[in-house]
*Asks:* 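Below are the structure tokens for one structure; questions will follow.
For clarity, every value in this text was computed on a predicted model and none was experimentally measured.
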Amino acid sequence: MKEDPFKEFETVKSISLNTQEGSKNSIISLRLDPLFGKYSPHSASISEERAKRPENIKHVRKETKQEGCIFCEPKIYEVTPSPRIDHSREGMYTPKGKPILSVPNLYPFSPDHYVTVFADHKPDIIDLLKEDLVNYIETAFYFANKFRAEKAEGMWDFINWGASAGASQPHPHAQRGTLEKQLNSMITLEQVSLAKRAKDISKDPFEIYMSKVRESPYFIFENDFLFICAPFAPKFADQVDIISKKGFNTLLDTSWDYRRGLAESMIGVFHALGNKRGVDDFNLTLHQNFFEVKDFYRLHWHVYPRNKSNLGGMELNNSYVVGVFPQVTAKALREHFGVKGYD
């Protein structure tokens with residue numbers, strides 16, 4: 001087993017309890033995100049007692065009917081607002097000959113707010129294809145260009161998959177819109193925190209972080225396009241982080257070949273989480289720099305499983321209670337990717 005290089009960011013508390021069966025001790029691990037160090041914008045609390053509870057890891061297949069789905073033809077043309085954007089072009093995959101469409105959100109919470117239907121009707125995580133992720137990333141790239149041309153400072157982008165993740169429709173779709181620096185978003189908080197961390201160490205915090213993760217039980221997989229790990233201080237049980245291997249600040253800095261490599265490389269994360277960890281509802285959130293800012297904040301994604309958050313996914317002022325140690329998640333996903341030498 002690889003040693004844990006992040007102990008300096010952990011505080012361990014021992015709690016003594018008197019029960020009818022006698023006294024027992026519980027160990028609580030309080031963790032900061034080592035990428036940001038003492039400036040971490042969130043913390044995690046992991047209880048050994050809770051993490052030892054038996055888990056029922058089983059993939060339950062999801063099926064829904066296409067009939068009546070508002071993101072399937074002909075409904076998508078009947079009930080969604082205009083102007084619609086048809087992304088069917090060179091480099092995009094059109095499932096069963098159907099177009100990849102973005103439409104304005106009927107219930108926006110951003111000045112520019114679009115919904116993109118990037119795949120055909122498939123509510124089950126293990127049915128997600130690499131072509132679907134290519135469509136997702138390429139349409140995100142389209143909107144990054146669109147929003148920058150319209151003088152927006154940045155963009156937010158996420159996938160809601162499943163009812164527990166806030167998805168109102170089982171048909172795969174993404175949402176994206178404009179982001180302003182003045183908003184107190186997690187992306188803004190992370191950038192401020194990382195700038196302070198970079199000043200302290202005078203190096204790229206992402207490079208330092210990844211070098212330590214490689215020699216830790218949190219490492220999962222890497223290639224020329226991405227770096228995959230389970231975070232030391234997760235927000236949710238079985239969280240996985242996907243980091244661009246090259247130091248790109250935004251999707252706008254990438255090439256078509258690189259974006260395709262990212263998409264085709266990250267598909268295994270979703271299949272492994274579904275098959276090996278029983279994850280079926282999740283959020284995929286894109287974090288990137290503001291368009292005109294160039295610093296150490298790197299293009300990356302967070303996969304937040306939601307159907308398992310009843311293990312203790314309670315939020316206390318950016319402090320998250322998690323019921324699974326990230327080493328467990330990493331080990332399961334390493335098996336999927338065929339990575340050896342860590343156990």
*Asks:* Count the heavy atoms of every other residue, nucleotide or ligand shown that sit under 6.0 Å from NZ of Lys75, and state whether that count exceeds 12.
*Replies:*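 No, because the 6.0 Å sphere around NZ of Lys75 holds 12 heavy atoms or fewer from other groups.
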
*Asks:* Lys98 and Thr94: which non-hydrogen atoms are nearest, and at how many Å?
*Replies:*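 Answer, listing the atom of Lys98 first, then Thr94: O-CB, 3.2 Å.
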
*Asks:* Are the side chain of Ser193 and the backbone of Leu189 linked by a donor-acceptor contact shorter than 3.5 Å?
*Replies:*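 Yes, Ser193 side chain to Leu189 backbone: donor-acceptor pair under 3.5 Å.
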
*Asks:* Is there a donor-acceptor pair under 3.5 Å between the side chain of His271 and the backbone N or O of Lys276?
*Replies:*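 Checked: no pair found.
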
*Asks:* For Arg277, give me all partners under side chain to side chain donor-acceptor pair (under 3.5 Å), at least two apart in sequence or on another chain.
*Replies:*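 Arg277: side chain to side chain donor-acceptor pair (under 3.5 Å) contacts with Glu55, Asp238.
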
*Asks:* Under 6.0 Å between the ring centres of Phe270 and Phe282?
*Replies:*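 Centroid distance Phe270-Phe282: below 6.0 Å, so yes.
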
*Asks:* For the residue pair Asp257 / Ser255, report whether a side-chain donor-acceptor contact shorter than 3.5 Å exists.
*Replies:*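 No - no donor-acceptor pair under 3.5 Å links their side chains.
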
*Asks:* Just verifying a value: how many Å separate Cys229 SG and Met210 CE, rounded to the nearest 0.5 Å?
*Replies:*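 Going from the SG atom of Cys229 to the CE atom of Met210 covers 9.0 Å.
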
*Asks:* Test Phe227 against every option in Phe219, Tyr209, Phe221, Trp301 by the ring pair (Phe, Tyr, Trp, His ring centres under 6.0 Å) rule and name the one that passes.
*Replies:*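 When Phe219, Tyr209, Phe221, Trp301 are each tested with Phe227, the ring pair (Phe, Tyr, Trp, His ring centres under 6.0 Å) holds only for Phe219.
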
*Asks:* Which heavy atom of Gly278 sits nearest to which heavy atom of Ile57, and what is that distance?
*Replies:*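 Residues Gly278 and Ile57, closest heavy atoms: N-CG2, 3.8 Å.
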
*Asks:* Without swapping roles, check the side chain of Glu138 against the backbone of Val134 for a donor-acceptor pair under 3.5 Å.
*Replies:*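 No; zero donor-acceptor contacts below 3.5 Å.
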
*Asks:* Holding to side chain to side chain donor-acceptor pair (under 3.5 Å), I want the full list of residues that pass it with Tyr39, two or more places apart in sequence or in another chain.
*Replies:*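 Scan of Tyr39 (side chain to side chain donor-acceptor pair (under 3.5 Å), adjacent residues dropped) gives Asp200.
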
*Asks:* Checking the side chain of Asn249 only, and the main-chain atoms of Asp295 only, is there a donor and an acceptor separated by less than 3.5 Å?
*Replies:*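 Indeed, once roles are kept as given, a pair shorter than 3.5 Å links the two residues.
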
*Asks:* Which pairs count as salt bridge (charged side-chain N to carboxylate O under 4.0 Å, His left out) when at least one residue sits in residues 99-127, sequence neighbours excluded?
*Replies:*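 Every pair satisfying salt bridge (charged side-chain N to carboxylate O under 4.0 Å, His left out) with a residue in residues 99-127: Arg61-Asp124, Arg61-Asp127, Lys96-Asp120, Asp120-Lys122, Lys122-Asp132.
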
*Asks:* What's the spacing between Leu284 CG and Ile159 CD1 if we round to 0.5 Å?
*Replies:*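 Leu284 CG to Ile159 CD1: 4.5 Å, rounded to 0.5 Å.
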
*Asks:* Taking only residues two or more places apart in sequence, or in another chain, which ones meet Phe109 in a side chain to side chain contact (heavy atoms under 4.5 Å, CB included)?
*Replies:*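 Result, side chain to side chain contact (heavy atoms under 4.5 Å, CB included) vs Phe109: His113, Trp156, Phe158, Gln175.
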
*Asks:* May I have the step-by-step check of side-chain contact (heavy atoms from CB on, under 4.5 Å) for Asn145 and Arg148, ending in yes or no?
*Replies:* CA-CA 5 Å; Asn145 279 284; Arg148 182 177 63 173; 3.8 Å; yes

*Asks:* Please, which pairs that meet salt bridge (charged side-chain N to carboxylate O under 4.0 Å, His left out) have at least one residue in residues 175-194, sequence neighbours excluded?
*Replies:*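 Matches after skipping sequence neighbours: Asp157-Arg176.
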
*Asks:* Restricting to ring pair (Phe, Tyr, Trp, His ring centres under 6.0 Å), what partner residues turn up for Tyr93, sequence neighbours left out?
*Replies:*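 For Tyr93 there are no ring pair (Phe, Tyr, Trp, His ring centres under 6.0 Å) partners, ignoring immediate neighbours.
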
*Asks:* Can you tell me if Glu3 has over 12 outside heavy atoms packed within less than 6.0 Å of its CD?
*Replies:*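 No, CD of Glu3 has 12 or fewer neighbouring heavy atoms, counting only those of other groups under 6.0 Å.
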
*Asks:* With no hydrogens and no angle check, just 3.5 Å: does a side-chain donor-acceptor pair link Asp241 and His302?
*Replies:*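 Side chains of Asp241 and His302: pair found under 3.5 Å.
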
*Asks:* I need the minimum non-hydrogen distance between Leu286 and Ile187, along with the two atoms involved.
*Replies:*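 Smallest interatomic distance, heavy atoms only, reads O-CD1, 3.9 Å.
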
*Asks:* Please confirm whether Phe71 and His121 have ring centers closer than 6.0 angstrom.
*Replies:*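 Not close enough - the centres of the two rings lie 6.0 Å or further apart.
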
*Asks:* Is the closest side-chain donor-acceptor distance between Ser14 and Asn25 under 3.5 Å?
*Replies:*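 There is no such pair between these side chains.
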
*Asks:* With the side chain counted from C-beta on, respond yes when Ile201 and Ile208 share a heavy-atom pair under 4.5 Å apart, and no when they do not.
*Replies:*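 They are in contact (side-chain heavy atoms under 4.5 Å apart), so the answer is yes.
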
*Asks:* Check for me whether Arg259 meets the cation-pi criterion with Phe141, that is, NZ or CZ under 6.0 Å from the six-membered ring centre and within 45 degrees of the ring axis.
*Replies:*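 Yes, a cation-pi geometry.
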
*Asks:* Is the shortest heavy-atom distance from the side chain of Trp161 to the side chain of Pro172 under 4.5 Å?
*Replies:*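 Yes, at least one pair of side-chain atoms sits under 4.5 Å.
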
*Asks:* Considering non-hydrogen atoms only, spot the tightest contact between Pro99 and Ser88 and give its length.
*Replies:*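 Nearest heavy atoms, Pro99 then Ser88: CA-OG, 3.2 Å.
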
*Asks:* Yes or no on side-chain contact (heavy atoms from CB on, under 4.5 Å) for Leu133 and Leu128, after CA distance, side-chain angles and deciding distance?
*Replies:* CA-CA 8 Å; Leu133 287 180; Leu128 194 63; 4.2 Å; yes

*Asks:* Salt-bridge test for Lys62 and Asp281: reply yes if a basic N is under 4.0 Å from a carboxylate O, no otherwise.
*Replies:*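 Result for this pair is yes, salt bridge flagged.
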
*Asks:* Go through the structure and list residues passing ring pair (Phe, Tyr, Trp, His ring centres under 6.0 Å) with Tyr297, not counting sequence neighbours.
*Replies:*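 His300.
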
*Asks:* Are the side chain of Thr139 and the backbone N or O of Tyr136 linked by a donor-acceptor pair below 3.5 Å?
*Replies:*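 Looks like yes, one N/O pair under 3.5 Å.
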
*Asks:* Just checking, is any N or O donor in the side chain of Thr250 or Asn289 under 3.5 Å from an acceptor N or O on the other one?
*Replies:*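 No donor-acceptor contact under 3.5 Å links the two side chains.
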
*Asks:* Are the side chain of Ser40 and the backbone of Phe36 linked by a donor-acceptor contact shorter than 3.5 Å?
*Replies:*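 Looks like no, no N/O pair under 3.5 Å.
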
*Asks:* A quick test of your reading: do over 12 heavy atoms of other residues, nucleotides or ligands sit less than 6.0 Å from CD of Glu150?
*Replies:*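 Atom CD in Glu150 is crowded, with more than 12 foreign heavy atoms closer than 6.0 Å.
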
*Asks:* Locate the shortest heavy-atom distance separating Phe291 from Lys294; write the atom from each residue and the value.
*Replies:*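 Smallest interatomic distance, heavy atoms only, reads O-NZ, 4.0 Å.
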
*Asks:* Under 6.0 Å between ring centres, would you say that holds for Phe143 and Tyr114?
*Replies:*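 That pair passes the under 6.0 Å test.
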
*Asks:* Do any pairs count as a salt bridge (charged side-chain N to carboxylate O under 4.0 Å, His left out) and have a residue in residues 202-212, sequence neighbours left out, and if so which ones?
*Replies:*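 Qualifying pairs, neighbours excluded: Asp204-Arg298, Glu207-Arg298.
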
*Asks:* Is it the case that the ring center of Tyr258 lies less than 6.0 angstrom away from the ring center of Phe225?
*Replies:*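 Centroid separation for Phe225 and Tyr258: below 6.0 Å.
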
*Asks:* side-chain contact (heavy atoms from CB on, under 4.5 Å) between Phe9 and Asp33: does it pass, once the steps are laid out?
*Replies:* CA-CA 7 Å; Phe9 303 107; Asp33 189 329; over 6 Å; no

*Asks:* Not counting sequence neighbours, which residues clear side chain to side chain contact (heavy atoms under 4.5 Å, CB included) with Pro81? List them please.
*Replies:*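 Counting only residues at least two positions away or on another chain, Pro81 forms a side chain to side chain contact (heavy atoms under 4.5 Å, CB included) with Pro104, Leu106.
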
*Asks:* Answer yes or no: does atom NZ of Lys38 have more than 12 heavy-atom neighbours from other residues, nucleotides or ligands under 6.0 Å?
*Replies:*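 No, because the 6.0 Å sphere around NZ of Lys38 holds 12 heavy atoms or fewer from other groups.
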
*Asks:* Any sub-3.5 Å donor-acceptor pair from Asn307's side-chain atoms to Asp280's backbone N or O?
*Replies:*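 The answer is yes, because a donor-acceptor pair under 3.5 Å joins these two groups.
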
*Asks:* In chain order, what residues pass the side chain to side chain contact (heavy atoms under 4.5 Å, CB included) check against Glu48, with sequence neighbours excluded?
*Replies:*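 Per chain and number, Glu48 pairs via side chain to side chain contact (heavy atoms under 4.5 Å, CB included) with Ile27, Lys52, Phe325.
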
*Asks:* Would Thr285 and Asn283 satisfy side chain to side chain donor-acceptor pair (under 3.5 Å), going step by step from the backbone distance to the final call?
*Replies:* CA-CA 6 Å; Thr285 65; Asn283 300 119; over 6 Å; no

*Asks:* Who pairs with Leu30 by side chain to side chain contact (heavy atoms under 4.5 Å, CB included), at least two apart in sequence or on another chain?
*Replies:*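 Leu30: side chain to side chain contact (heavy atoms under 4.5 Å, CB included) contacts with Thr11, Lys13, Ile28, Ser45.
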
*Asks:* Does the side chain of Leu251 come within less than 4.5 Å of Leu299's, by heavy atoms?
*Replies:*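 Yes; the side chains approach each other to less than 4.5 Å.
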
*Asks:* Distance-only, no hydrogens or angles: does the Arg334 side chain make a donor-acceptor pair with backbone N or O of Pro217 under 3.5 Å?
*Replies:*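 Present.
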
*Asks:* What residue pairs, at least two apart or across chains, pass salt bridge (charged side-chain N to carboxylate O under 4.0 Å, His left out) with a residue in residues 222-234?
*Replies:*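 Sorted pair list: Arg214-Glu222, Glu222-Lys245.
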
*Asks:* Once you measure the plane-to-plane angle for His42 and Tyr320, does it fall in the parallel (<30°), tilted (30-60°) or perpendicular (>60°) bin?
*Replies:*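 Aromatic pair His42/Tyr320 classed perpendicular.
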
*Asks:* Centres of the His173 and Phe118 rings: under 6.0 Å?
*Replies:*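 No, the ring of His173 stays outside the 6.0 Å limit from the ring of Phe118, centre to centre.
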
*Asks:* Which pair of heavy atoms, one from Gln239 and one from Pro231, lies closest together, and at what distance?
*Replies:*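 Closest approach of Gln239 to Pro231, heavy atoms only: O-CD, 3.4 Å.
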
*Asks:* Using a 4.5 Å cut-off on heavy atoms from C-beta on, say whether the side chain of Phe6 contacts that of Leu32.
*Replies:*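 The answer is no, as the side chains (C-beta and beyond) never meet within the 4.5 Å cut-off.
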
